[in-house]
Enquirer: 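Let me begin by handing over the structure; questions about it come next.
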Amino acid sequence: MVRPLLNRSPMPGLGLSMGITVAMLSLVVLLPIGALLWQGASFGLSGMWGVINRERVWKALLLSFRLSFYAALFNLVFGVLLAWVLARYRFPGRRLLDAAVDLPFALPTAVAGIALTALYAPNGFFGAIFKDYGIRIAYTEWGIFIALVFVGLPFVARTVQPVVEELETEVEEASATLGASRLYTLYRVILPALLPAALTGFALSLARAVGEYGSVIFIAGNKPLATEIAPLLIVIQLEEFNYDGAASIGIAMLVISFAMLLVINLIQVWSRRRIGNV
Amino acid sequence: MHIEIDEISKQFGSTAALTPVSLNLPSGALVALLGPSGSGKTTLLRILGGLEYPTSGRILFDGQDATGLTVQQRRAGFVFQSYALFRHMTVFENIAYGLRARPRATRPPKAEIARRVQKLLELIQLPQIGARYPNQLSGGQRQRVALARALAIEPRMLLLDEPFGALDAKVRKELRQGLRDIHDETGLTTVFVAHDQEEAMELADLVVVMSMGRIEQIGKPADIRARPASDFVRNFITA
Amino acid sequence: MSDATTLAAPPRPRAFRAATEESPAVRRGLILIAVAGLAILVFAPLIVVFAEALAKGAVAAVKSLQSKDALSAIRLTLLIAAISVPLNAVFGIAAAWFITKFDFRGKAFLITLIDLPFSVSPVVAGLCIVFMFGANSLAGGWLVAQGFPIVFALPGIVLATVFVTFPFVARELIPVMIEQGRAEEEAALTLGASGWRVFRTVTLPNIRWALLYGVLLCNARAMGEFGAVAVVSGKIRGQTATMPITIEMQYNEYLSVAAFSLAAVLTLLALVTLLLKTILEIRHADEIAATRRH
């Protein structure tokens, strides 16, 4: 039997709720994305490739991706640690720390951008310390890395924390009764259980970082071929009224986001198949 | 191994889970700790396994003080009520876990581990399921895998927490016999927790009836049936 | 406990700890790393915002907030939030109702589409709005001819804001409404209640905390959005410059106190948001979604 498109239901409000959902989704999200793709399509694949296949664009895309990857990697390790500490330990100030993890979600990116720049500029509090050792943070790749760590900080911690809370302590006890040391238990039992959630958080953090703009542009220095991120190129193209150029880079980034969305979903399917749930 | 429990007590905060209890478990016995929930039977089992530390008292293994031994040093084969199988490992990896976790010096070679796991799979009469994951097994199969995993470390004793608690009546009966067989074959001192008196009476050589952190009576099933030591025991075993 | 039993207790070996615990040293070390990491990454920027804002005294900070640009930016940001957050709440409720009260094919796909804006760069989101409604586009050209421009004007900023905050309310409501099922609504219907009445008297009381939670997060993002707004606003001083855009302009003009004072206002908003969020999570943990993921 073919499943009907819509099961009849006595619930009221079908027309209204479906109407609002479809209308707003189309008007705000789908049609605008379609308009971007349409702009690209009318410009043509070879035209778009011509825009992307330039050193400045490649360098920016690569920079965005590479630093986002490092930042997500840092957040993977630190996020798992945070999730563990917040879920397992009780200590004064835990609530404050727990709330602080969410600050990067709540703080506007432009605010984060100027605050980090003020902190890491050569005359800033941290910047001055590094300057004594001859290291520059702001206006270099390091600055971009720190901004991306900041915006991606909550993702891994927040996806892993509920999993830590739900870990059965009996499983850890079982490992110990079988003679395993705490370290071996961590490595063979606990981390594998956290892995799917941690990878999901990693991918979310990576996706967020690749597209990040507001917190990065202040600290990046934005030197072409050196510290220019991909979203900035779009803004530059727009300011030069080069709509085809902007569309080309925008579509490239859209493709990257969709690829990452796909990866996130694949991770979840994989872990569900393997251990029954996420 | 002969287990001696000497004046063991356990406080959780202000509540006493165990008032001092003493108990002698002869080597090779199959012992049931029987009682309603909250009687302290699981706490006692966990103290034997090294998962809890007693507030006072001593545990002696073959006459030697074992109170301070860590969980890892106890070498107690422990079967959890929920089985606590490692969900991300196959049955084979679950059973091999304890052997692989040993330090390099005492770890058996790969082939030896595989041989021992296969032998254990045969002992629990599930020789074919090594490659499966726990969520692909029935409740009864999981229980037997948990038992095999506990046996793999060549334990000095076998401790089981409500081993049949999560199973339906028919499977319970089968597995009861299975546990008896494995006990007889390995000769291990075996202690299991039960709240079902029929199960305890039918399976165990020695039954310890507990209530509210105290031992009400210790004896062979027949003796307890014939001469219950208190009203509580009488009510509990006829319930 | 009597003294006798206390004396009888054997000395607890120092090595003993529960099998599920780390040693106190490891535990302290991990807590220390967490505290230090968050201090450097989160608390330090937070402090810097206020320190820079007050660098020339509180008077200078307050005065900069009373400038024409700052006041118009604050007004605009409040206006945008006042329009886009209710729009989002209406969408979120409608979408959650549609998804949880009816069975239809393609539900999972619809949810993916609703989540889509989270994985799109804000700059790309703004770009999409420009191509849809910009003066060069079909729809935008016609609207401009009617005297109703979208891009470089308020409607465009609202659209961009709604785009980037699109899933906030819906994804808080959907899990809660799935968990609550349909039985209560069905019972109300059999008692003769009208559709609106069912929603107002049965559904809304059950989802109010989740709704508030979603609105809170949505509002924080709406007031602070930068990338998408930067693309569609045209950054016209006094007209389309929101608070974050004004912060950028003032910062680039080396008006540090002005930029950080405005930033401090937004930071206070973020802190209030986090405080309310934490209170909601403590008081109404059962009534908001288990998903604290964003």
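Throughout, protein chains are lettered first and strands after them, A, B, ... in sequence-line order, and every chain is numbered starting at 1.
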Enquirer: Between CG of Leu116(C) and CD1 of Ile33(A), what distance do you get to the nearest 0.5 Å?
Expert: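 Between Leu116(C) CG and Ile33(A) CD1, I get 4.5 Å after rounding to 0.5 Å.
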
Enquirer: Does the Ser257(A) side chain pair with the main chain of Val120(C), one donor and one acceptor, at a distance under 3.5 Å?
Expert: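 A pair under 3.5 Å: no.
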
Enquirer: Name the option with the most non-hydrogen atom pairs under 4.5 Å to chain A; the candidates are Ala94(C), Pro45(C), Gly224(C).
Expert: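 The candidate making the most pairs under 4.5 Å is Ala94(C).
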
Enquirer: Can you say whether Phe241(A) sits under 4.5 Å from chain C via the side chain, the backbone, both, or neither, judging by heavy atoms?
Expert: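 Neither part, no heavy atoms under 4.5 Å.
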
Enquirer: Which bit of Pro244(C) is near chain A, if near means a heavy-atom gap under 4.5 Å: side chain, backbone, both or neither?
Expert: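 Both the backbone and the side chain of Pro244(C) come within 4.5 Å of chain A.
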
Enquirer: Do Val28(A) and Phe91(C) have side-chain heavy atoms sitting under 4.5 Å apart?
Expert: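 The answer is no, as the side chains (C-beta and beyond) never meet within the 4.5 Å cut-off.
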
Enquirer: I need the minimum non-hydrogen distance between Met11(A) and Leu189(C), along with the two atoms involved.
Expert: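 Met11(A) and Leu189(C) have their closest heavy atoms at CA-CD1, 4.3 Å.
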
Enquirer: Check Ala220(C) against Ala106(A) and note the closest heavy-atom contact, atom names and distance.
Expert: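 So the two residues come closest at CB-O, 4.3 Å.
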
Enquirer: For Leu262(A), is the CG atom crowded, meaning more than 12 foreign heavy atoms sit under 6.0 Å from it?
Expert: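 Yes, CG of Leu262(A) has more than 12 neighbouring heavy atoms, counting only those of other groups under 6.0 Å.
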
Enquirer: When only pairs under 4.5 Å are counted, which of Leu113(C), Thr112(C), Leu269(C) shares the most heavy-atom pairs with chain A?
Expert: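 Most heavy-atom pairs under 4.5 Å with chain A: Leu113(C).
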
Enquirer: Could you tell me if the side chain of Val29(A) sits less than 4.5 Å from the side chain of Phe163(C), heavy atoms only?
Expert: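 The answer is yes, as the side chains (C-beta and beyond) meet within the 4.5 Å cut-off.
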
Enquirer: Quick check: closest heavy atoms across Gly211(A) and Ser121(C), and the distance to 0.1 Å?
Expert: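 Smallest heavy-atom distance, with atoms named: O-OG, 2.7 Å.
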
Enquirer: Is there side-chain contact between Leu217(C) and Phe105(A), with heavy atoms separated by less than 4.5 Å?
Expert: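 With C-beta onward as the side chain, the pair stays apart.
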
Enquirer: In terms of heavy-atom pairs under 4.5 Å with chain C, which of Leu107(A), Ile114(A), Thr185(A) leads?
Expert: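 So the answer, after comparing Leu107(A), Ile114(A), Thr185(A), is Ile114(A).
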
Enquirer: In this structure, are over 12 heavy atoms from other groups packed under 6.0 Å from Leu183(A) atom CG?
Expert: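 No, CG of Leu183(A) has 12 or fewer neighbouring heavy atoms, counting only those of other groups under 6.0 Å.
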
Enquirer: For side chain to side chain contact (heavy atoms under 4.5 Å, CB included), just list the numbers for Tyr213(A) and Val231(C), CA-CA rounded to whole Å, side-chain angles, deciding distance to a tenth of an Å, and then say yes or no.
Expert: CA-CA 11 Å; Tyr213(A) 177 69; Val231(C) 171; over 6 Å; no

Enquirer: Rounded to the nearest 0.5 Å, what separation is found between the OG atom of Ser9(A) and the CZ atom of Arg182(C)?
Expert: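 Going from the OG atom of Ser9(A) to the CZ atom of Arg182(C) covers 6.0 Å.
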
Enquirer: Under a 4.5 Å heavy-atom cut-off, does chain C meet the side chain of Leu14(A), its backbone, both or neither?
Expert: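 Both parts, heavy atoms under 4.5 Å.
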
Enquirer: Step by step, work out the side chain to side chain contact (heavy atoms under 4.5 Å, CB included) result for Leu27(A) and Phe133(C).
Expert: CA-CA 10 Å; Leu27(A) 189 71; Phe133(C) 295 106; 4.1 Å; yes

Enquirer: Using side-chain heavy atoms (C-beta onward) and a distance below 4.5 Å, is Phe226(C) in contact with Val111(A)?
Expert: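 Counting from C-beta outward, Phe226(C) and Val111(A) never come under 4.5 Å.
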
Enquirer: Between the side chain of Arg182(A) and the main-chain N/O of Thr20(C), is any donor-acceptor distance below 3.5 Å?
Expert: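 Flag set: sc Arg182(A) to bb Thr20(C) pair under 3.5 Å.
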
Enquirer: Which answer fits Arg88(A), side chain, backbone, both or neither, if we ask what part of it has an atom under 4.5 Å from a heavy atom of chain C?
Expert: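 Arg88(A) touches chain C through side-chain heavy atoms alone.
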
Enquirer: Would you compute the distance between atom CG of Leu274(C) and atom CG of Asp102(A) and round it to the nearest 0.5 angstrom?
Expert: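 One gets 6.0 Å once the value is rounded to the nearest 0.5 Å.
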
Enquirer: When heavy-atom pairs shorter than 4.5 Å are enumerated against chain C, which of Ala110(A), Gly13(A), Pro32(A) gives the highest number?
Expert: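 It is Pro32(A).
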
Enquirer: Atom CD of Gln39(A) and atom CZ of Phe131(C): how far apart are they, to the nearest 0.5 Å?
Expert: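 Rounded to the nearest 0.5 Å, the CD-CZ separation comes out at 4.0 Å.
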
Enquirer: Side-chain contact, heavy-atom cut-off 4.5 Å: Arg27(C) with Phe91(A)?
Expert: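 Side-chain contact under 4.5 Å: no.
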
Enquirer: Minimum heavy-atom separation for Val42(C) to Phe150(A), with atom names?
Expert: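 The answer is CA-CE1, 4.4 Å.
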
Enquirer: For Glu225(C), is it the side chain, the backbone, both or neither that has a heavy atom under 4.5 Å from a heavy atom of chain A?
Expert: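 When you check distances to chain A, no heavy atom of Glu225(C) falls under 4.5 Å.
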
Enquirer: Is a donor on one side and an acceptor on the other found under 3.5 Å between the side chain of Trp38(A) and the backbone of Met132(C)?
Expert: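 A pair under 3.5 Å: no.
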
Enquirer: Heavy-atom distance under 4.5 Å to chain C: side chain of Ile20(A), backbone, both or neither?
Expert: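 Contact with chain C is through both the backbone and side chain of Ile20(A).
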
Enquirer: Who among Leu16(A), Thr109(A), Thr21(A) has the most heavy-atom pairs with chain C under 4.5 Å?
Expert: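 The answer is Thr21(A).
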
Enquirer: Name the region of Met253(A), side chain, backbone, both or neither, that has any atom closer than 4.5 Å to a heavy atom of chain C.
Expert: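 Side chain only.
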
Enquirer: Where on Ile247(C) is there a heavy atom nearer than 4.5 Å to chain A: the side chain, the backbone, both, or neither?
Expert: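 Interface part for Ile247(C): side chain.
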
Enquirer: Could you tell me which portion of Trp84(A) (side chain, backbone, both or neither) has an atom closer than 4.5 angstrom to a non-hydrogen atom of chain C?
Expert: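 Just its side chain gets close to chain C.
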
Enquirer: Please flag which part of Glu248(C) lies under 4.5 Å from any non-hydrogen atom of chain A: side chain, backbone, both or neither.
Expert: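 Both backbone and side chain.
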
Enquirer: Where do Met24(A) and Val162(C) land on the side chain to side chain contact (heavy atoms under 4.5 Å, CB included) test, with the steps shown first?
Expert: CA-CA 10 Å; Met24(A) 274 192 73; Val162(C) 175; 4.0 Å; yes

Enquirer: Would you name the heavy atoms of Trp97(C) and Pro12(A) that are closest together and state the gap between them?
Expert: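 What the structure gives for the nearest pair is NE1-O, 3.0 Å.
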
Enquirer: Find the one option among Val49(C), Val26(C), Asn252(C), Ile40(C) whose heavy-atom pairs under 4.5 Å with chain A are most numerous.
Expert: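 The candidate making the most pairs under 4.5 Å is Ile40(C).
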
Enquirer: Side chain to side chain contact (heavy atoms under 4.5 Å, CB included) for Leu110(C) and Leu25(A)? Distances and angles first, verdict last.
Expert: CA-CA 9 Å; Leu110(C) 180 64; Leu25(A) 186 65; 3.7 Å; yes

Enquirer: Below 4.5 Å from any heavy atom of chain C, which atoms of Phe125(A) appear? Answer side chain, backbone, both or neither.
Expert: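 For Phe125(A), neither part sits under 4.5 Å from chain C.
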
Enquirer: Which heavy atom of Ala100(A) sits nearest to which heavy atom of Phe43(C), and what is that distance?
Expert: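 Distance-wise, the nearest heavy atoms are CB-CZ, 3.5 Å.
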
Enquirer: Relative to chain A, which segment of Val198(C) carries a heavy atom at a distance below 4.5 Å: side chain, backbone, both, or neither?
Expert: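 Contact with chain A involves no heavy atom of Val198(C) at all.
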
Enquirer: Under 4.5 Å heavy-atom distance to chain A, tell me which part of Asp115(C) shows up: side chain, backbone, both or neither.
Expert: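 When you check distances to chain A, no heavy atom of Asp115(C) falls under 4.5 Å.
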
Enquirer: At a 4.5 Å cut-off on heavy atoms, which part of Val149(A) comes close to chain C: side chain, backbone, both, or neither?
Expert: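 The side chain, not the backbone.
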
Enquirer: Side chain, backbone, both or neither: which part of Leu103(A) has a non-hydrogen atom closer than 4.5 Å to chain C?
Expert: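 Both parts, heavy atoms under 4.5 Å.
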
Enquirer: Nearest 0.5 angstrom please: Leu127(C) CG to Tyr243(A) OH, how far?
Expert: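 One finds 9.5 Å between CG of Leu127(C) and OH of Tyr243(A).
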
Enquirer: Pick one of side chain, backbone, both or neither for Leu86(A), based on which atoms fall under 4.5 Å of a heavy atom in chain C.
Expert: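 The answer is neither part of Leu86(A).
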
Enquirer: Using non-hydrogen atoms only, which part of Leu261(A) is less than 4.5 Å away from chain C: side chain, backbone, both, or neither?
Expert: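 The side chain, not the backbone.
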
Enquirer: If you count heavy-atom pairs under 4.5 Å between each of Val48(C), Leu38(C), Ile245(C) and chain A, which one has the most?
Expert: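 Most heavy-atom pairs under 4.5 Å with chain A: Leu38(C).
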
Enquirer: Using non-hydrogen atoms and a 4.5 Å limit, figure out which bit of Ala246(A) sits close to chain C: side chain, backbone, both or neither.
Expert: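 The answer is both parts of Ala246(A).
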
Enquirer: Give the member of Ser175(A), Pro104(A), Ser17(A) that has the highest number of heavy-atom pairs under 4.5 Å with chain C.
Expert: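 Most heavy-atom pairs within the cutoff with chain C belong to Ser17(A).
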
Enquirer: Against chain C, label Ala176(A) side chain, backbone, both or neither, depending on which of its atoms sit under 4.5 Å from a heavy atom there.
Expert: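 Contact with chain C: side chain only.
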
Enquirer: Chain C heavy atoms under 4.5 Å from Leu167(A): which part of the residue, side chain, backbone, both or neither?
Expert: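 For Leu167(A), no heavy atom lies under 4.5 Å from chain C.
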
Enquirer: Counting only heavy atoms closer than 4.5 Å, note whether Ile99(C) contacts chain A via side chain, backbone, both or neither.
Expert: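 Neither part.
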
Enquirer: First locate atom CZ of Phe102(C), then atom CG of Leu6(A), and finally report the distance between them rounded to the nearest 0.5 Å.
Expert: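 If I round to the nearest 0.5 Å, the distance is 7.5 Å.
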
